[in-house]
Amino acid sequence: MYIGSHTLMKRYDECLLKHGYTIEQLVDKASDCLLKHIHGESFSIVCGPGNNGADGLSLAIKLYQQKKNVQVFIFENTNHLSKANAYYLQKCYDLSLSVYLFQQDNLEELVGYMTACDTIVDAIFGFGLNSSPRGIYQSVIESINQLYDQEVIAVDIPTGLQCDSGKPYQSVIYATSTITLSAMKNGFLNPDSYFFTGKVIVEKLDVDDVSEEAGLYQMADDKMMFPLLKERIFDGYKGTYGHTCLITGCIEYKGAALLSAKGCVYSGSGITTVMSDQEVIHALTQFCPEATAVLRPPILQKEDFLRYDAILIGCGLGQSLDSYRYVIDVLEKTKQPLVIDGDALTILSAHTDLLKHQNRDIILTPHLGEFQRLCPFDSQDDMLLVAQDFAKEHHVVLVLKGPYTIVTNGQESYRIRAGNKAMATGGMGDVLAGIITSLVGQGYPALQAAMLGVFIHGYTGDLLAKEDYTVIPSKLIEFIPKAMNNMIKSNPEVTS
Ligand SMILES: NC(=O)C1=CN([C@@H]2O[C@H](COP(=O)(O)OP(=O)(O)OC[C@H]3O[C@@H](n4cnc5c(N)ncnc54)[C@H](OP(=O)(O)O)[C@@H]3O)[C@@H](O)[C@H]2O)[C@@H](O)CC1
Ligand SMILES: [K+]
């Protein structure tokens with residue numbers, strides 16, 4: 001399943017136009033999608049001035065041609081209409097459909113006409129709405145919400161719901177169901193949006209598939225993720241599964257280093273070496289005796305890293321002057337695939353130029369606050385686009401942590417369907433960084449390692465959250481091997 005934001009959906013339409021479709025054809029195909037899910041005998045179709053309205057007008061014509069009882073309501077019939085809207089409105093007039101024009105003084109009367117129908121179609125605004133519907137639009141939305149006997153079907157998005165966040169503007173249609181076109185809208189991932197969308201049906205237009213060309217995100221679910229995890233091989237040994245180096249922890253933040261090391265070991269790393277302060281190393285022998293350790297030298301040299309397959313920097317590294325130097329040393333002197341997390345990301349924010357000419361796999365794992373430092377953005381910005389552009393510009397795999405964590409390398413983009421609110425506890429991100437580094441060390445390509453790491457982490461948390469109110473990192477780690485085994489056993493390619 002693909003997911004789009006308002007910008008990505010606009011880009012999707014532009015791609016289709018570049019493929020040679022006309023906007024009138026696209027609207028025609030959109031209304032074919034709607035028609036499949038519309039039942040009943042009498043319809044009030046409420047159409048705004050853009051292409052969402054055009055979808056409604058085209059649908060009205062098809063229903064009329066099926067001899068249904070159809071009345072169309074519009075807000076203006078001037079040159080403010082989109083090209084497709086004007087085209088289909090003219091067709092409605094040509095066919096002598098009943099078209100009513102909303103004005104301030106006839107609003108109540110026209111809404112009264114709707115009470116005679118069984119279905120109201122909301123084709124007022126779709127992903128083109130850019131602020132709260134005002135004036136007559138607001139009044140019509142509120143009046144439609146007062147009608148309780150009719151089914152309300154929203155075209156693409158309930159009018160007044162924000163496409164990207166799933167939050168309502170001041171006035172929003174409460175739909176019984178929403179037929180969303182081409183892709184799931186990002187806002188519908190927000191569970192609160194369900195109050196407004198009702199049941200969501202995703203319908204793909206019968207056109208060339210331009211989802212990837214347009215940069216839509218893909219939902220990475222069990223079906224996609226289970227087969228990515230490889231079975232351990234018959235004659236494997238510790239060398240088969242990679243040697244990872246974790247430059248993590250300091251006197252003040254020992255726990256983060258311990259959790260990332262254990263996450264790395266438990267998700268299958270062949271050898272895990274923690275490069276840290278004496279105090280961290282001492283604690284490590286108690287917490288995770290399987291990990292090895294080396295004392296972190298004051299200046300990191302290229303030779304210190306020759307034997308490693310993957311490096312992690314961050315996870316409790318702190319932000320001292322030493323930490324700054326470590327981050328810069330690692331970026332300048334090592335060549336292995338690199339995972340950058342926590343404090344190291346904050347340090348990196350002042351030196352993103354170091355990401356240039358790296359010529360190796362780099363995975364960044366910020367939460368929203370860390371990402372804001374790396375890439376200042378505005379709260380109104382389209383995060384799907386911002387994340388994608390950042391990854392593309394800096395040639396990294398970006399793991400933007402949150403509900404349905406974003407994983408993108410700028411070319412391919414995913415939302416990971418795993419994880420839950422019970423996992424919102426300190427140290428969870430450190431475990432994730434450890435898992436991803438482990439997978440990189442085991443030879444998974446960077447994008448796959450990032451996706452799989454996020455999935456394993458979230459999936460383990462989901463198993464635990466079935467019984468527990470909170471899921472704490474040290475307990476989650478203990479369950480990682482079981483969860484990975486579950487994934488292998490549930491994968492039809494392995495079990496058959
Ligand atoms: N591939 C697909 O999926 C396809 C999707 N399609 C459909 O296209 C829909 C998107 O169409 P769209 O881009 O024309 O935007 P839409 O939502 O109709 O609104 C634009 C109008 O709203 C106006 N306006 C904006 N904010 C406002 C406000 N606060 N208050 C008042 N007015 C406001 C804005 O005015 P303007 O800002 O230009 O002055 C403009 O007139 C999409 O949702 C889907 O249904 C298919 O038809 C084709 C294939
Ligand atoms: K709508």
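The structure presented is a predicted model; accordingly, all values stated were derived computationally and were not measured. Numbering of ligands and ligand atoms starts at 1, following listing order. We number each residue from 1, following the sequence as shown.
For the pair Asp222 and Arg417, the salt-bridge criterion is not met [side-chain N within less than 4.0 Å of a carboxylate O]. Note on Lys29 versus Asp55: no salt bridge recorded, every NZ/NE/NH1/NH2 to OD/OE distance being 4.0 Å or above. Here Lys62 pairs with Asp32 in a salt bridge; the nearest charged N to carboxylate O distance falls below 4.0 Å.
The heavy atom nearest to atom 40 (C) of ligand 1, considering only Ser132, Cys47, Pro49, is found in Pro49. Counting heavy atoms only, Asn51 comes closest to atom 11 (O) of ligand 1 of the residues Ile157, Leu81, Asn51, Thr159. Compare Ile179, Asp13, Asp55 by their heavy atoms: the one nearest to atom 2 (C) of ligand 1 is in Asp13. Compare Leu181, Asn52, Val207, Asn130 by their heavy atoms: the one nearest to atom 37 (O) of ligand 1 is in Asn130.
The K ion (ligand 2) has Val155 among its coordinating residues (N/O/S atom, backbone or side chain, under 3.4 Å). The K ion (ligand 2) has an N, O or S atom of Ile157 closer than 3.4 Å. Here Phe125 reaches the K ion (ligand 2): one of its N/O/S atoms is less than 3.4 Å from the metal.
Any N or O atom pair closer than 3.5 Å counts here, and Val155 shares no such pair with ligand 1. The N/O atoms of Tyr12, backbone and side chain alike, include none that comes under 3.5 Å of an N/O atom in ligand 1. Between Lys10 and ligand 1, no N or O atom pair is found at a separation short of 3.5 Å. Close N/O approach between Gly128 and ligand 1 is found [any backbone or side-chain N/O within under 3.5 Å]. For a threshold of 3.5 Å applied to N or O pairs, the pair formed by Leu205 and ligand 1 contains no separation below that value.
Going from atom CG of Leu16 over to atom CZ of Arg11 covers 13.5 Å, rounded to the nearest 0.5 Å. Ile157 CD1 to Ile124 CD1: the interatomic distance, rounded to the nearest 0.5 Å, is 13.0 Å.
No cation-pi contact links Lys83 to Tyr88, judged by a cut-off of 6.0 Å to the six-membered ring centre and 45° from its axis.
When distances from atom 4 (C) of ligand 1 to the protein are checked, a heavy atom turns up under 4.0 Å.
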Test Leu17 against Leu26 for side-chain contact (heavy atoms from CB on, under 4.5 Å), laying out the working first.
-> CA-CA 9 Å; Leu17 295 175; Leu26 295 179; 4.0 Å; yes

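Judged by the shortest distance from any of its heavy atoms, Ala54 lies outside the 4.0 Å radius around the atoms of ligand 1. Judged by the shortest distance from any of its heavy atoms, Gly48 lies outside the 4.0 Å radius around the atoms of ligand 1. Ligand 1 lies less than 4.0 angstrom from a heavy atom belonging to Ser131. Distances from ligand 1 to the non-hydrogen atoms of Lys29 include no value under 4.0 Å.
Close approach to His80 involves these atoms of ligand 1, each under 4.0 Å from a residue heavy atom: 35 (O), 39 (O), 41 (O). Near Gly126, meaning under 4.0 Å from any of its heavy atoms, are these atoms of ligand 1: 16 (P), 17 (O), 43 (O). Atoms of ligand 1 lying under 4.0 Å from at least one heavy atom of Phe125, given by number and element, are 17 (O), 19 (O), 22 (O), 23 (C), 24 (N), 31 (C), 32 (N), 33 (C). Taking every heavy atom of Ser182 and a limit of under 4.0 angstrom, the matching atoms of ligand 1 come to 1 (N), 2 (C), 3 (O).
Between Tyr2 and Tyr12, the distance separating the two ring centers is not shorter than 6.0 angstrom. In this structure, the ring of Tyr137 has its center less than 6.0 angstrom from the ring center of Phe125.
For the residue pair Ser5 and Asn186, no side-chain donor N or O sits within less than 3.5 Å of a side-chain acceptor on the partner.
For the K ion (ligand 2), the nearest N, O or S atom contributed by Asp122 is named O.
Within 6.0 Å of CD in Glu212 there are 12 or fewer heavy atoms belonging to other residues, nucleotides or ligands. Within a 6.0 Å radius of OH in Tyr174, no more than 12 heavy atoms belonging to other residues, nucleotides or ligands are found.
Classified by interplanar angle (parallel below 30°, tilted 30° to 60°, perpendicular above 60°), the ring pair His394/Phe390 is tilted.
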